[in-house]
K.L.:
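Mind looking over this structure? Questions follow.
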Amino acid sequence: MARGIPLLVTTPIFYANAAPHVGHAYTGIASDVIARCWRQQDRKTFLLTGTDEHGQKVADTAAKAGVTPQAFVDQQAKVFEHVFRKLDIGFDRFIRTTEPDHIAGVQEFLQKLKAATTPLGRPAVYQGEYSGLYCQGCERFYTEKELVDGKCPLHNTVPQQLVEHNWFFRLADYLPIIQKAIAKNELKLIPTTTKQEVLGFFKQGVQDFSISRERVRWGVPLPWDPTQTAYVWVDALPNYLTGVGFGKDAKHARNWWRGDVVHVMARDILKFHAVYWPALLLAVGEPMPSTIVAHGFFTVNGQKMSKSIGNVVDPVDLIAKYGVDGTRYLLLTPFPFGQDGDLPVERFTERYNADLANGLGNLVSRTTNMVERYANGVVKLAKAPKSLAKTRKLTETFQFSQALADIWATVTWANQAIDKARPWDLAKGEHATDAKKLAALLAELVAQLKEIAVAITPYLPETGATLTKCLRQKKIVKAPPLFQRVV
RNA sequence: CGCGGGAUGGAGCAGUAGCAGCUCGCCGGGCUCAUAAUCCGGAGGUCGGGGGUGCAAAUCCCCCUCCCGCACCCA
């Protein structure tokens, strides 16, 4: 990722059907850390997030709630946006797929797709048939697996075999190109397990997919066939383009889409992003994204997170208890980004107190207090003994837990340095050199804290800002607790 | 032969060849600048089992056992 070119970072757009949970927060925070890390280096960076609001499921849920789909998604979008703001996710745009400019952009995208010819000289879009089990009551198709005793789980009726005429995308003709791009890392898949998984998709074979639905009304109409609406993914994926202006402000769109494009997501939607999306882009003549980053899923206290178990973690609850930065820290710390792992919620308080309150927080307290008391708030400029340049590299390469571990190693180092040097003795000034030693120590500690402040800013933006401000005072005074202990 | 992820001191995790590490907890000691915070020391692991390759394996190869996700939800 070259510094000079603009960077577009995206989260998936979240399906408006349900409430945001800690998984959404995780993806959002990770994306935000990347964006903030580059912004800190003055790179032009755009962070895009939003909600995916079309589809049968949304329509169903709205109907159940007795409201129109639009009213329902308006409410849901507000909730998602609010939670993301609370998490300090510094997005540049929150896109909604029901916005007029997105819909127009998708239609333009679809037109281009319809007009496209594959590398093998065939039309990229063709008419085909989809046949499946359709429940009249639900107005949707079911797969065999979803049925209970061969009946619709909601209506307890036997669905009928129905044939639907759809438009299909000739994915097959693009697969070799994409596979090659991935193999050669022109389209980077991170971490490496992600690459293996995607190459596995190609081995197993991927089928052409239908880009339209005949019976779903809550969606974007196909421009050339208004009896059909766009398949939700074909509506959702182009948000990455429309979000930066495709279909409305071509110049703006080009500016961001021709730079580095990093899509962040969880593994479950990897196939859509690493196979379908690049193919669609190739078809309409747009460049593929440069990087796809997939993270794992987590269990909560060792158990799968699910509604039926009732252990779904609400990020808002975490924020209430640990603050925004505490939450960001606790979510990114437990296991390496990219892998599956466990969220030890039971031990969050312990971790919060140990690392944030007693660790960094107390270090800041004792340091600033000594600077105030022993040096009248003034220290010379010094070089931080422990460089955190490596930490930034770790952040840029999505190794968040390691980067944080690195930063906290310097916190430990500083605490040790203080105990070793015994500044409280030096302050008594029994030897002529004591004052010098003391001044040097305090200067180093302040320099180190400044370095830490910079390094944590992408992760803990609020704390980073507070700390920086506190250390830049003309006369440093004892800082109020950075993190309140949690009982 | 479905796909994938795991098995490392009491708990949770790093570590893909070179004397087995981190956090928390536990035991003992020190300090007093600090958010009853901090620092030092200690106990505790034959790295799931078996076999193989290597001067050297938690780390590579083969076999086996066990756990978890691929169901609602959904990052």
Side-chain angles (χ1 to χ4, degrees), chain A residues 11-15 17-31 49 57 145-146 148 153 192-194 196-197 200-201 203-204 264-270 294-299 301-313 315 331 333-336 338-344 346-374 399 401-402 404-405 408-409 411-427 438 441-442 445 478-486:
Chain A
T11 75
I13 46 175
F14 304 105
Y15 204 49
N17 193 42
H21 61 64
V22 72
H24 301 100
Y26 188 76
T27 312
I29 292 166
S31 308
T49 191
K57 262 192 196 169
K145 264 171 105 181
E146 288 175 308
V148 178
T192 51
T193 48
T194 301
Q196 288 164 355
E197 196 171 335
F201 294 156
K203 259 189 236 161
Q204 289 173 31
V264 182
M265 73 206 66
R267 251 187 241 308
D268 57 336
I269 51 176
L270 196 49
H295 68 252
F297 279 79
F298 37 71
T299 50
N301 295 326
Q303 261 188 321
K304 181 184 168 73
M305 184 168 70
S306 81
K307 280 189 175 171
S308 35
I309 298 173
N311 63 346
V312 176
V313 178
L331 290 185
T333 295
F335 56 91
Q339 297 184 16
D340 288 348
D342 185 54
L343 231 47
E346 276 173 353
R347 298 195 358 257
F348 272 6
T349 297
E350 172 187 308
R351 292 196 70 108
Y352 172 93
N353 285 333
D355 296 353
L356 297 177
N358 300 348
L360 178 59
N362 183 55
L363 173 64
V364 171
S365 284
R366 67 196 300 211
T367 303
T368 53
N369 180 57
M370 287 190 287
V371 172
E372 181 180 358
R373 272 177 62 171
Y374 300 152
Q399 302 180 74
S401 61
Q402 281 188 55
L404 286 165
W408 257 260
V411 171
T412 300
W413 173 88
N415 273 324
Q416 289 170 332
I418 293 172
D419 275 57
K420 214 168 147 191
R422 304 180 58 83
W424 46 91
D425 284 344
L426 297 176
L438 180 59
L441 173 73
L442 294 177
L445 287 172
K478 182 178 174 181
L482 223 43
F483 301 95
Q484 293 291 347
R485 286 177 62 82
V486 171

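Residue numbers begin at 1 in each chain, while the letters A, B, ... track the order of the sequences.
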K.L.:
Could you give the CD-to-P distance, from A/E197 to B/G5, as a whole number of Å?
P.N.:
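These atoms are roughly 8 Å apart.
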K.L.:
Separation of A/N301 atom CG from B/A11 atom P, in whole Å?
P.N.:
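Spelled out: CG on A/N301 to P on B/A11 is 16 Å.
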K.L.:
With the side chain counted from C-beta on, respond yes when A/D419 and A/N415 share a heavy-atom pair under 4.5 Å apart, and no when they do not.
P.N.:
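The answer is no; the side chains never approach within 4.5 Å.
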K.L.:
Given side chains that start at C-beta, do those of A/H295 and A/R267 come closer than 4.5 Å, heavy atoms only?
P.N.:
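No, their side chains stay 4.5 Å or more apart.
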K.L.:
Rounding to an integer number of Å, can you tell me how far A/F335 CZ sits from B/C22 C1'?
P.N.:
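It works out to 17 Å between those atoms.
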K.L.:
Any side-chain N or O of A/K478 less than 4.0 Å from the OP1 or OP2 oxygen of B/C33?
P.N.:
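False: A/K478 side-chain N/O out of range (4.0 Å or more) of B/C33 OP1/OP2.
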K.L.:
Classify the nucleic acid contact of A/P344 as base, sugar-phosphate or nothing, counting any heavy atom under 4.0 Å across all strands shown.
P.N.:
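Touches nothing.
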K.L.:
Nearest to the A/N415 side chain among B/G5, B/C39, B/A75, which nucleotide is it?
P.N.:
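Closest nucleotide among those given: B/C39.
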K.L.:
If you take all heavy atoms of A/F483 and A/L356, which pair is closest and at what distance?
P.N.:
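Scanning both residues completely, I find the closest heavy atoms to be CD1-O, 3.2 Å.
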K.L.:
Counting the atoms with a prime plus P, OP1 and OP2 as sugar-phosphate, which does A/P480 contact under 4.0 Å by heavy atoms, base, sugar-phosphate, or nothing?
P.N.:
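Answer is nothing: A/P480 stays at 4.0 Å or more from every strand.
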K.L.:
Is the phosphate of B/C74 approached by A/N17 (side-chain N or O, under 4.0 Å from OP1 or OP2)?
P.N.:
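Yes, A/N17 has a side-chain N/O under 4.0 Å of OP1/OP2 on B/C74.
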K.L.:
Expressed as a whole number of Å, how far does the P atom of B/G4 sit from that of B/C22?
P.N.:
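One P to the other, the span is 34 Å.
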K.L.:
Using the P atom as the reference point in each nucleotide, state the distance between B/G21 and B/C55 in Å, no decimals.
P.N.:
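Rounded to whole Å, the distance is 25 Å.
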K.L.:
Mind checking A/N353 for me? I need base, sugar-phosphate or nothing, with any heavy atom below 4.0 Å counting as a touch.
P.N.:
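A/N353: no heavy atom of the nucleic acid under 4.0 Å.
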K.L.:
Is B/C19 paired to anything, Watson-Crick or G-U wobble with both distances less than 3.5 Å, and if yes, which nucleotide?
P.N.:
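Here B/C19 is not engaged in any pair, so there is no nucleotide opposite it.
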K.L.:
Which part of the nucleic acid does A/N362 contact within heavy-atom distance under 4.0 Å: base, sugar-phosphate only, or nothing?
P.N.:
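Base, at least one base heavy atom under 4.0 Å.
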K.L.:
Measure from CE on A/M265 to P on B/C74 and round the result to the nearest Å.
P.N.:
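Roughly 18 Å, once rounded to whole Å.
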K.L.:
Base, sugar-phosphate alone, or nothing: which one does A/R373 contact when heavy atoms must sit under 4.0 Å apart?
P.N.:
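If one applies the 4.0 Å heavy-atom cut-off, A/R373 turns out to touch the sugar-phosphate alone, with no base involved.
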K.L.:
With syn defined as a glycosidic torsion within 90 degrees of 0 and anti otherwise, which applies to B/G51?
P.N.:
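In terms of base orientation relative to the sugar, B/G51 is anti.
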K.L.:
So that I can tick it off, tell me whether A/D342 and A/R347 are bridged by a salt bridge, with the cut-off set at under 4.0 angstrom between side-chain N and carboxylate O.
P.N.:
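Salt bridge: no.
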K.L.:
Starting at the 5' end of RNA chain B, which residue's closest nucleotide do you reach first, A/E350 or A/D419?
P.N.:
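Nearest nucleotide further toward 5': that of A/E350.
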K.L.:
Mind checking the P distance from B/G12 to B/A7? Whole angstroms is fine.
P.N.:
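Pairwise P distance, B/G12 against B/A7, rounds to 12 Å.
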K.L.:
Just checking A/F298: base, sugar-phosphate only, or nothing, at a heavy-atom cut-off of under 4.0 Å?
P.N.:
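If one applies the 4.0 Å heavy-atom cut-off, A/F298 turns out to touch a base.
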K.L.:
What integer distance in Å separates A/D340:CG from B/G5:P?
P.N.:
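The distance from CG of A/D340 to P of B/G5 comes to 9 Å, rounded to the nearest Å.
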K.L.:
Please work out if A/L363 contacts a base, only the sugar-phosphate, or nothing of the nucleic acid, heavy-atom cut-off 4.0 Å.
P.N.:
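No contact.
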K.L.:
What integer distance in Å separates A/D268:CG from B/C73:C1'?
P.N.:
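About 11 Å, once rounded to whole Å.
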K.L.:
Using a 4.5 Å cut-off on heavy atoms from C-beta on, say whether the side chain of A/K57 contacts that of A/Y15.
P.N.:
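In short, these two side chains touch, coming nearer than 4.5 Å.
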K.L.:
Do A/S401 and A/T333 come close enough that some side-chain heavy atom pair is under 4.5 Å?
P.N.:
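The answer is no, as the side chains (C-beta and beyond) never meet within the 4.5 Å cut-off.
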K.L.:
Is there a side-chain contact between A/F298 and A/V22 in this structure, where contact means two heavy atoms from C-beta onward sitting under 4.5 Å apart?
P.N.:
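A side-chain contact under 4.5 Å exists here.
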K.L.:
What is the pairing partner of B/G2, taking Watson-Crick or G-U wobble pairs with both distances under 3.5 Å in any strand?
P.N.:
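Per the H-bond distance test, B/C70.
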K.L.:
Under 4.0 Å, heavy atoms only, any strand: does A/D355 hit a base, just the sugar-phosphate, or nothing?
P.N.:
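Touches nothing.
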K.L.:
Once you apply a heavy-atom cut-off of 4.0 Å, does A/Q402 come out as touching a base, just sugar-phosphate, or nothing?
P.N.:
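If one applies the 4.0 Å heavy-atom cut-off, A/Q402 turns out to touch nothing in the nucleic acid.
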K.L.:
Compare the minimum distances between each of B/A14, B/C39, B/U35 and the side chain of A/Q416, then state the nucleotide with the smallest one.
P.N.:
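Looking only at heavy atoms from C-beta outward on A/Q416, the closest nucleotide is B/C39.
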K.L.:
Report the distance from atom CZ of A/R366 to atom C1' of B/A34, rounded to the nearest whole Å.
P.N.:
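These atoms are roughly 6 Å apart.
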K.L.:
Please classify the nucleic acid contact of A/F297 as base, sugar-phosphate, or nothing, using heavy-atom distances under 4.0 Å.
P.N.:
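Result for A/F297 = base.
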K.L.:
Who is the Watson-Crick or G-U wobble partner of B/C26, with both distances under 3.5 Å?
P.N.:
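In the structure as shown, B/C26 has B/G42 as its Watson-Crick or wobble partner.
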K.L.:
Hey, which sits more toward the 5' end of RNA chain B by its nearest nucleotide, A/P334 or A/L360?
P.N.:
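Upstream on the strand: A/P334.
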K.L.:
Which part of the nucleic acid, if any, lies within reach of A/R351 when heavy atoms closer than 4.0 Å are counted: base, sugar-phosphate only, or nothing?
P.N.:
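No contact.
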K.L.:
Distance check needed: B/G25 C1' versus A/N358 CG, whole Å only.
P.N.:
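Rounded to whole Å, this separation is 14 Å.
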K.L.:
With C1' as the reference atom in both, quote the distance from B/A56 to B/A17 in angstrom, rounded to an integer.
P.N.:
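One C1' to the other, the span is 7 Å.
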K.L.:
Any donor and acceptor pair, going by atom type alone, linking the side chain of A/D340 with main-chain N or O of A/F297 inside 3.5 Å?
P.N.:
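The answer is yes, because a donor-acceptor pair under 3.5 Å joins these two groups.
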K.L.:
OP1, OP2 of B/A34 versus side-chain N and O of A/N369: anything below 4.0 Å?
P.N.:
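True: A/N369 side-chain N/O within range (under 4.0 Å) of B/A34 OP1/OP2.
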K.L.:
Using a cut-off of 4.0 Å on non-hydrogen atoms, how would the nucleic acid contact of A/F14 be classed: base, sugar-phosphate, or nothing?
P.N.:
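Here A/F14 touches the backbone only, sparing every base.
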K.L.:
Any side-chain N or O of A/R422 below 4.0 angstrom from OP1/OP2 of B/U32?
P.N.:
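The answer is yes; a side-chain N or O of A/R422 sits under 4.0 Å from OP1 or OP2.
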K.L.:
What does B/A7 pair with, Watson-Crick or G-U, if both distances are under 3.5 Å?
P.N.:
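WC or wobble partner is B/U65.
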K.L.:
Report yes if at least one side-chain N or O of A/K57 is closer than 4.0 Å to OP1 or OP2 of B/C73; otherwise report no.
P.N.:
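It does, given that an N or O in the side chain of A/K57 lies less than 4.0 Å from OP1 or OP2 of B/C73.
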K.L.:
How far, in whole Å, is B/U59 from B/G6 if one measures between their P atoms?
P.N.:
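After rounding to an integer number of Å, I get 14 Å for this pair.
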K.L.:
Considering only side-chain heavy atoms of A/I269, which listed nucleotide, B/U38, B/A14, B/A75, is closest?
P.N.:
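Looking only at heavy atoms from C-beta outward on A/I269, the closest nucleotide is B/A75.
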K.L.:
Tell me whether the OP1 or OP2 atom of B/C13 has a side-chain N or O from A/Q339 closer than 4.0 Å.
P.N.:
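False: A/Q339 side-chain N/O out of range (4.0 Å or more) of B/C13 OP1/OP2.
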K.L.:
Looking only at side-chain atoms of A/M370, point me to the closest of B/C33, B/A75, B/C13.
P.N.:
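Nearest to the side-chain atoms of A/M370, counting from C-beta on, is B/C33.
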K.L.:
Within the 4.0 Å heavy-atom criterion, would you say A/A18 contacts the bases, only the backbone, or no part of the nucleic acid?
P.N.:
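Result for A/A18 = sugar-phosphate.
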K.L.:
Mind checking A/G296 for me? I need base, sugar-phosphate or nothing, with any heavy atom below 4.0 Å counting as a touch.
P.N.:
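Contact class for A/G296: base.
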K.L.:
Would you say the side-chain atoms of A/H21 pair up with the backbone N or O of A/P315, donor to acceptor, closer than 3.5 Å?
P.N.:
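No, because the side chain of A/H21 does not come within donor-acceptor range (under 3.5 Å) of the backbone of A/P315.
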K.L.:
Checking base pairs now: Watson-Crick or wobble, both atom distances under 3.5 Å. What partners B/A34?
P.N.:
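Its partner is none (no Watson-Crick or G-U wobble pair with both distances under 3.5 Å).
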